[in-house]
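Working notes, structure below.
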Amino acid sequence: MDDTDSSDSWDFQDEDGPCFSSNGSNSVIPSRGASMCGAEGSTSNQSRSKAISHFTEMGFSEDLVIKTVDEKGEENTEAILETLLAYTAPEECASQGEPVLSHSSSPEFEWDSLDDLSDFSDAESCLQNEESVPETKMMQLVAMGFSIGEVSAAINSSDPDTSIADLMDFISAAQMAEPTSDHPRELPLEGRGPPDVKKKKLVKQEFHRGREIRAWRSSRKEEMEKRKRYLSPVEDDFIKIPQLMNGFGVPGHPRIGFKRKLPDVAIGPPYFYFENVALAPKGAWSSISRSLFNIEPEFVDSKYFCAAARKRGYIHNLPTDNRFPLLPIPPLTIAEALPLSSRWWPSWDVRKQFNCLLTCYGSALETERIRKDLEGWQGDPPEHIQKRVLNKCRKWNFVWTAKNSVAPLLPEEVELMLGYPRNHTRGGATSQAERYKSLGNSFQVNTVAFHLSVLKNRYPNGISVLSLFSGIGGAEIALHQLGIPLRFVVAVEISEVSRNIFRGWWENTDQKGILIDNINDVTMLTANKIEKLVDYSGGFDLVIGGSPCNNLTGSNRWHRDGLDGKQSVLFYDYCRVLNTVKRLVREN
DNA sequence: TATAATATGATTAGCACC
DNA sequence: GGTGCTAATCATATTATA
């Protein structure tokens with residue numbers, strides 16, 4: 001097994017062209033599979049028509065596609081795409097005043113290099129120049145591969161609050177109705193300057209990602225039709241969030257005889273595990289479930305695993321028999337977790353556990369107000385004072401540190417309750433605020449480990465994990481503490497602080513496996529790159545991740561916009577990546 | 001200028017009561 | 001079924017400070 005340094009220098013370089021893969025497979029066009037590089041090289045009319053249809057459906061003009069296919073050969077999909085993009089994509093940026101001539105220091109595309117996967121800044125700045133439409137939806141849809149023209153038409157024809165999913169359906173319907181209509185990508189061949197290499201690269205990345213999403217949505221619709229025959233526990237448009245969140249059973253509260261039947265399409269391997277806040281806006285979990293094979297979410301409150309509540313929903317295809325908890329069992333009450341606080345804990349503060357550990361904590365002014373509220377009373381304060389103070393303590397998870405004095409939890413105490421090693425977030429974080437934030441966004445390790453424990457006997461020699469939104473490594477720590485060797489881990493995380501924290505843990509615990517952690521943006525994880533990672537690792541056993549909750553959580557007073565929100569929309573990238581991995585498993 | 005501190009409700013759901 | 005109350009919530013924008 002290689003060490004981590006070798007993973008950093010792991011080379012994914014490939015040359016442009018149709019057959020660049022070392023194992024002879026063409027990984028550029030997912031629907032084509034490895035056979036596209038086969039020696040026989042089909043030249044049938046059917047193949048030619050299929051190639052033409054494929055690219056015209058992507059929005060390129062038919063004339064240009066025919067010309068290019070004839071020139072390059074229908075099996076040469078990568079070269080066709082190169083040529084089409086050379087004449088079309090840069091214009092979308094150039095029309096916004098961007099320079100057309102390349103300023104890239106590299107004369108060749110490097111989008112297959114893992115070192116170059118996080119550079120999305122130019123694409124964002126280019127796309128944000130569209131100022132006449134809602135920028136976020138415009139950007140997201142264009143980044144998915146739809147053309148600016150298509151997106152503009154859809155947005156202009158819809159209500160301002162139309163969801164991303166509805167806009168995608170609108171565009172898809174328009175494409176089906178008019179497959180050869182004029183398209184913004186269609187541009188005259190004459191009068192072009194040399195294409196901007198960097199933008200060309202970015203457009204190409206977006207193109208692939210968009211096609212993956214559309215292909216996935218298309219296949220998902222078919223699967224949904226098939227699954228209508230399956231008696232699903234998930235009703236049409238509403239999932240009831242249970243008040244008692246003990247999921248499919250938790251330690252001490254087993255659900256005797258519980259069995260579930262997964263749809264065939266969802267059965268692993270690969271196993272997958274998705275997480276997000278339970279108390280999301282109405283309909284959010286129904287949408288999530290529909291996108292994840294109609295599997296019933298398992299709602300679990302981490303109060304069964306530690307001294308703090310953490311109400312989360314999990315959708316996974318893991319077995320549910322013979323789960324076991326991590327040992328030792330963590331303290332389940334505040335008194336056990338923070339025994340020193342008991343001395344100052346007033347009898348009228350009836351809290352036995354903390355509420356959800358969030359990303360920020362109460363101010364010194366709040367604690368000072370509480371101190372002043374409580375001073376000067378003989379014995380217990382009046383009931384209305386008790387009630388006011390207790391509400392503040394519940395809201396901010398204050399802990400009693402002296403007479404009439406409360407304080408926020410320390411980062412080390414949060415680490416303890418969330419199941420992380422002491423000072424886990426100390427090294428990589430630059431400030432206390434960053435520690436609170438990264439912890440507030442993380443898994444409760446014991447909860448996740450309980451669910452993942454069923455993998456221990458299945459992967460005694462190590463597991464290969466694709467970890468999206470990996471944060472500070474809660475999933476990996478859970479696997480590690482379960483005694484499951486981390487053979488190969490790809491950790492995708494946008495926060496540099498969180499990546500540093502996880503890298504520090506990986507090195508401190510002398511992991512023997514390979515860690516790839518230089519992919520920052522999940523939207524940059526295209527099928528092509530996933531296929532290379534699969535080739536390199538031998539395949540992923542587990543695709544795990546909790547997508548951003550920013551637009552779902554009730555804590556967000558500003559942008560609780562649901563699954564279409566700026567951050568939470570990345571849920572669809574989890575689905576896209578998962579389905580790509582599943583497809584690769586089927587093909588292999 | 002970067003970081004820390006502080007202020008900022010709404011959306012759900014359950015429950016009791018009428 | 002309608003109303004009012006209680007309770008919880010992986011956050012973000014603005015202001016203050018070093």
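Each chain gets a letter, A, B and so on, in the order its sequence line appears, and its residues count up from 1.
Between the NZ atom of Lys311(A) and the P atom of dC10(C) there is a distance of 9 Å, given to the nearest Å. Between Phe274(A) atom CZ and dC10(C) atom P there is a gap of 13 Å when expressed in whole angstrom units. Across the protein-nucleic acid pair, Asn397(A) atom CG and dT9(C) atom P stand 8 Å apart, rounded to whole Å.
At the heavy-atom level, Gly546(A) lies under 4.0 Å from base atoms of the strands shown. Residue-level contact check: Ala280(A) touches neither bases nor backbone, having no heavy atom under 4.0 Å from any strand. Within the nucleic acid shown, Arg394(A) comes within 4.0 Å of sugar-phosphate atoms alone, with no base atom in reach, counting heavy atoms only. Residue Ser302(A) is classed as having no contact, given no heavy-atom separation below 4.0 Å to the nucleic acid.
Near DNA chain B, defined here as any heavy-atom distance below 4.0 Å, the residues from residues 350-368 of chain A are Ser363(A), Ala364(A), Leu365(A), listed numerically.
Geometrically, Lys582(A) engages Phe293(A) in a cation-pi contact, judged by NZ or CZ lying under 6.0 Å from the ring centre and within 45° of the ring axis.
Separation of the P atoms belonging to dT8(B) and dT9(C) is 22 Å when rounded to the nearest angstrom.
For Ser555(A) and dA11(C), the shortest distance from a side-chain N or O to OP1 or OP2 is below 4.0 Å. Here Arg312(A) reaches the OP1 or OP2 of dC10(C): one of its side-chain N or O atoms lies under 4.0 Å away. Regarding contacts with the backbone of dT12(C), every side-chain N or O of Lys437(A) stays at 4.0 angstrom or more from both OP1 and OP2.
Heavy-atom nearest nucleotides on DNA chain C were determined for Arg560(A) and for Asn550(A), and the one closer to the 5' end corresponds to Arg560(A).
Here the CG-CD1 distance, from Leu466(A) to Ile516(A), works out to 11.5 Å after rounding to the nearest 0.5 Å.
DNA chain B contains the following stems of three or more consecutive Watson-Crick or G-U pairs, with both distances under 3.5 Å: B:1-8 with C:11-18, B:10-18 with C:1-9.
Between Trp505(A) and Phe502(A), the two ring planes are parallel [angle under 30°; tilted spans 30° to 60°].
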Which pairs of donor and acceptor atoms, one on a side chain in residues 269-276 of chain A, lie under 3.5 Å apart (sequence neighbours left out)?
unit_1, atom_1, unit_2, atom_2, d
Tyr271(A), OH, Arg458(A), NE, 3.4
Tyr273(A), OH, His451(A), ND1, 2.7
Glu275(A), OE2, Arg312(A), NE, 3.4
Asn276(A), ND2, Ser547(A), O, 3.1
Asn276(A), ND2, Ser547(A), OG, 3.1

